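Notes follow the structure.
In each ligand, atom 1 is the first atom listed, and ligand 1 is the first ligand listed. Source: prediction; values computed, not measured.
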Amino acid sequence: MSPAPTPEILAAFEAAKGFMPVDEGLALYAAARTAGRLGLPLLEIGTYCGRSTLLLADAARASGVTALTVDHHRGSEEQQPGWDYHDPETVDPELGVMDTLPAFRRTLRRAGLEDHVVALVGQSPRIARLWATPLGLVFIDGGHTDEHATGDYEGWGPWVAPGGLLVIHDVFPDPVDEFTGQAPYRVYLRALESGAFREDSATGSLRVLRRVEG
Ligand code: SAH
Ligand code: MG
């Protein structure tokens with residue numbers, strides 16, 4: 001059986017705001033435990049309110065590594081006021097712009113996982129340009145435009161260590177299923193076509209790829 005998060009963490013995951021169903025969360029957790037064996041950090045792009053971060057953090061704790069999570073916390077295109085995925089509770093009342101950082105910090109604190117996570121607040125490509133550390137797992141769940149999804153793949157993909165995992169969310173091969181577009185699907189195809197990654201598993205719209213060992 002694949003490793004599963006504790007019932008407390010699973011309950012916190014289900015209670016957290018966000019965009020990941022339980023079956024995909026369990027697959028992400030299992031991937032993070034597998035990747036944790038490499039002893040390298042696990043990195044997520046797309047923190048939002050910390051729903052998926054909880055699972056990476058719990059897996060990082062179990063593996064003795066650190067989880068990193070990247071987000072500017074100002075929301076993706078489809079999460080802005082007036083759009084389908086907008087949640088008015090994520091708006092900073094003083095500035096009138098989205099700010100998911102406070103909700104994220106509450107999520108982590110309540111679950112007792114603050115010590116296992118480093119939050120990187122800023123634009124993913126900017127942070128990636130400064131990066132220089134191999135990663136056990138990269139989880140791409142940020143912006144869904146081609147510009148953002150491609151930027152995340154190009155910026156972070158190279159840091160997946162040999163034997164490490166590249167996990168991509170919102171992969172919709174069938175355009176009928178698409179609600180946030182097919183950019184993550186195109187990135188998934190590109191990763192496979194590069195020859196650097198092979199598919200390990202698929203759960204819902206979550207794809208787990210493994211870097212081929214040189
Ligand atoms: N993983 C979350 C959902 C992430 S939603 C969950 O499980 O619920 C996507 C997030 O990506 C949003 O919070 C948005 O602010 C962030 N984002 C989009 N484009 C980004 C970019 N270029 N740099 C940093 N964060 C970005
Ligand atoms: Mg997603």
Side-chain angles (χ1 to χ4, degrees), residues 5 9-10 12-29 31-32 42-59 67-81 83-87 89-92 97-108 111 113 117-131 137-157 166-172 177-185 187-188 202-208:
I9 297 299
L10 200 54
F13 170 82
E14 291 191 84
K17 280 184 196 299
F19 306 101
M20 180 167 285
V22 172
D23 61 333
E24 295 177 352
L26 293 175
L28 175 66
Y29 179 85
L42 315 173
L43 182 136
E44 163 180 76
I45 305 109
T47 317
Y48 193 61
C49 299
R51 186 171 163 104
S52 47
T53 318
L54 283 177
L55 302 176
L56 293 183
D58 193 33
L68 297 144
T69 184
V70 176
D71 203 309
H72 48 49
H73 287 280
R74 297 297 185 205
S76 297
E77 285 79 357
E78 71 278 9
Q79 295 162 352
Q80 300 304 319
W83 295 83
D84 281 3
Y85 292 88
H86 180 64
D87 177 342
E89 284 176 15
T90 61
V91 174
D92 175 333
V97 297
M98 273 188 72
D99 185 3
T100 49
L101 189 54
F104 160 66
R105 301 207 77 202
R106 286 194 286 269
T107 303
L108 265 198
L113 287 168
V117 180
V118 172
L120 299 161
V121 181
Q123 295 192 30
S124 166
R126 265 192 180 245
I127 302 171
R129 277 198 293 276
L130 303 172
W131 202 254
L137 176 145
V138 167
F139 173 46
I140 299 184
D141 195 20
H144 288 90
T145 61
D146 276 297
E147 182 200 345
H148 288 130
T150 301
D152 292 340
Y153 173 67
E154 291 179 354
W156 296 104
L166 175 67
V167 184
I168 308 174
H169 197 221
D170 303 304
V171 170
F172 297 105
D177 291 339
E178 91 182 79
F179 58 96
T180 45
Q182 286 186 295
Y185 176 58
V187 159
Y188 154 80
T203 306
S205 73
L206 193 90
R207 297 290 180 281
V208 179

Checklist entry - Under 3.5 Å, is there a donor-acceptor pair linking the side chains of E77 and T145? => result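 T145 and E77 do not have a side-chain donor-acceptor pair below 3.5 Å.
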For [X] versus [Y], what's the shortest heavy-atom pair and its separation?
X	Y	answer
F13	M20	CZ-O, 3.3 Å
L54	A111	CD2-CB, 3.5 Å
E44	S52	OE2-OG, 2.5 Å
P5	L10	CG-CD1, 4.1 Å
P184	A149	N-CB, 4.4 Å

Of the side chain and backbone of H148, name the one, both, or neither that has a heavy atom under 4.0 Å from an atom of ligand 1.
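Looking at H148 and ligand 1, just side chain atoms fall under 4.0 Å.
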Between M98 and ligand 1, which part of the residue brings a heavy atom under 4.0 Å of the ligand: side chain, backbone, both or neither?
->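 No part of M98 is near ligand 1 at this cut-off.
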field: Option from I127, L68, I140 for which side-chain contact (heavy atoms from CB on, under 4.5 Å) with L43 holds
entry: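 Filter result, single survivor: L68.
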Can you tell which of L206, L28, I45 makes a side-chain contact (heavy atoms from CB on, under 4.5 Å) with H169?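 Option passing the side-chain contact (heavy atoms from CB on, under 4.5 Å) with H169: L206.
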* Asked: About how many Å separate NE2 of H73 and SG of C49, when rounded to the nearest 0.5 Å?
  ->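 Here the rounded value is 8.5 Å.
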Working to the nearest 0.5 angstrom, can you tell me the gap between D170 CG and F19 CZ?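 That separation rounds to 9.5 Å.
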To which of D71, T47, T107 does the heavy atom nearest atom 16 (C) of ligand 1 belong?
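Heavy atom nearest to atom 16 (C) of ligand 1 belongs to D71.
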Considering only protein heavy atoms, which is closest to [atom], and at what distance to one decimal place?
atom	answer
atom 26 (C) of ligand 1	H72 NE2, 3.4 Å
atom 8 (O) of ligand 1	F19 N, 2.8 Å
atom 19 (N) of ligand 1	G143 N, 3.4 Å
atom 7 (O) of ligand 1	S52 OG, 2.8 Å
atom 2 (C) of ligand 1	G46 O, 3.4 Å
atom 23 (N) of ligand 1	S124 N, 2.9 Å
atom 5 (S) of ligand 1	Q79 NE2, 3.3 Å
atom 11 (O) of ligand 1	G142 CA, 3.5 Å

| Taking it one step at a time, do W156 and S124 satisfy side chain to side chain donor-acceptor pair (under 3.5 Å)? | CA-CA 9 Å; W156 296 104; S124 166; 3.0 Å; yes
| request: May I ask you to check whether D141 has an N/O atom sitting below 3.5 Å from an N/O atom of ligand 1? | output: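 Between D141 and ligand 1 (N or O atoms, distance only) the closest approach is under 3.5 Å.
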Inset, instruction - Report yes if some N/O of G75 lies less than 3.5 Å from some N/O of ligand 1; otherwise report no. - result: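 Yes; the residue has a nitrogen or oxygen that sits under 3.5 Å from a nitrogen or oxygen of the ligand.
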Output yes when a side-chain donor or acceptor of [X] lies under 3.5 Å from a complementary backbone atom of [Y], and no otherwise.
X	Y	result
Q182	F172	yes
Q80	R74	yes
R51	A16	yes

Strictly under 2.8 Å, how many protein N, O or S atoms lie near the Mg ion (ligand 2)? Waters don't count.
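Number of qualifying protein atoms: 3.
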In terms of atom number and element, which parts of ligand 1 are under 4.0 angstrom from non-hydrogen atoms of [X]?
X	answer
R51	7 (O), 8 (O)
G122	23 (N), 24 (C)
G18	8 (O)
Y48	2 (C), 3 (C), 4 (C), 5 (S), 13 (O)
Q123	23 (N)

task: Side-chain contact test, heavy atoms from C-beta onward, threshold under 4.5 Å: evaluate it for L120 versus W131 and give yes or no.
output: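 Yes. Closest side-chain heavy atoms under 4.5 Å.
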